[in-house]
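Structure first, commentary second.
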Amino acid sequence: MDGLETVDAGQAPEAADAVDRADFPDALAAALAGVQRLIRRRLRGGTTEPRLRGAQVDLLRLIVARPGIGVSDAAKELYLAGNSVSTLVNQLARAGYLVRETNPDDRRSARLLPTPAAQARLRDWHERRSALVREQVARLDEADRQALEAALPALRRLARSLHEEVEGT
């Protein structure tokens, strides 16, 4: 069900939203994954360009954020195998979204650079995502908007903790 639960017609919304403390971590993970999946699904319909897979988008975002990053550093950053990133690089280069050039400091390695097409595509996706989420949040009542806003610091700490735990391994 995309990680989002439906409310039984005979059940008050507050009762349907109540989560047993022991089930909270699973409910949180399901809700976050469901929201992300639904956002991606809605945004897919608004583009005429060929669809990019999640790992391709993640790599493009990284390359735009850190132009010149190498394949091995990108693999470490994305927690992927080097050969997987090489495959993604080849796919994105063929699609015209990145350029691989020889690193002048180490001729054995390559630097990855985004193309203007990649930057434009990510900018368009970001703008459409922001508009979609802004529209959906505006439809919520004030109490729900405040609850989501209040949850942001805790969600950021959760993300940081997950990132640090992976970094430590």
Once rounded to the nearest 0.5 Å, what's the spacing between atom NE2 of H126 and atom CZ of R61?
9.5 Å
Salt bridge (charged side-chain N to carboxylate O under 4.0 Å, His left out) partners for R139, two or more places apart:
E135
Closest approach of Y97 to A118 (non-hydrogen atoms, all atoms of both residues):
O-CB, 3.0 Å
Measuring from R111:CZ to D105:CG, what's the distance to the nearest 0.5 Å?
8.0 Å
Of all the heavy-atom pairs spanning Q119 and P114, show the shortest one and how long it is.
NE2-CG, 3.7 Å
Counting only pairs under 3.5 Å, give me each side-chain donor-acceptor contact of residues 86-95, with atom names and distances, residues two or more places apart or in other chains.
{"unit_1": "S86", "atom_1": "OG", "unit_2": "G82", "atom_2": "O", "d": "3.2"}
{"unit_1": "T87", "atom_1": "OG1", "unit_2": "N83", "atom_2": "O", "d": "3.0"}
{"unit_1": "N90", "atom_1": "OD1", "unit_2": "R100", "atom_2": "NH2", "d": "2.3"}
{"unit_1": "N90", "atom_1": "ND2", "unit_2": "S86", "atom_2": "O", "d": "3.3"}
{"unit_1": "Q91", "atom_1": "OE1", "unit_2": "Q56", "atom_2": "NE2", "d": "3.0"}

Between the side chain of R129 and the main-chain N/O of L43, is any donor-acceptor distance below 3.5 Å?
no
Are there over 12 heavy-atom neighbours, none belonging to R51, within less than 6.0 Å of that residue's CZ?
no
Using the salt bridge (charged side-chain N to carboxylate O under 4.0 Å, His left out) criterion, which residues pair with R123? Sequence neighbours excluded.
none
Please find the pair of heavy atoms, one from A74 and one from L59, that lie closest to each other, and give the distance.
CB-CD1, 3.9 Å
Establish whether V71 and V57 are linked, either directly or via other cluster members, by ILVMFWY side-chain heavy-atom contacts under 4.5 Å.
yes
Answer with yes or no whether the hydrophobic clustering places L80 together with L60; edges join I, L, V, M, F, W, Y residues whose side-chain heavy atoms lie under 4.5 Å apart.
yes
According to a hydrophobic-cluster definition based on side-chain heavy atoms being under 4.5 Å apart (Ile, Leu, Val, Met, Phe, Trp, Tyr only), do L98 and W125 belong together?
no
Examine L155 and F24 and state if one hydrophobic cluster contains both, with Ile, Leu, Val, Met, Phe, Trp and Tyr joined whenever side-chain heavy atoms are less than 4.5 Å apart.
yes
If I take atom OG from residue S161 and atom CZ from residue R156, how far apart are they, to the nearest 0.5 angstrom?
16.0 Å
Nearest heavy-atom pair of I39 and V133: which atoms, and what distance?
CD1-CG2, 3.7 Å
Count I, L, V, M, F, W, Y as connected when their side-chain heavy atoms are under 4.5 Å apart, and connections chain through other members. Are I69 and L113 then in the same cluster?
no
Show the numbers, then the answer: is there a side-chain contact (heavy atoms from CB on, under 4.5 Å) between R160 and R157?
CA-CA 5 Å; R160 193 169 34 253; R157 285 190 297 275; 3.2 Å; yes
Give a yes or no on whether R42 atom CZ has more than 12 heavy-atom contacts from other residues, nucleotides or ligands under 6.0 Å away.
no
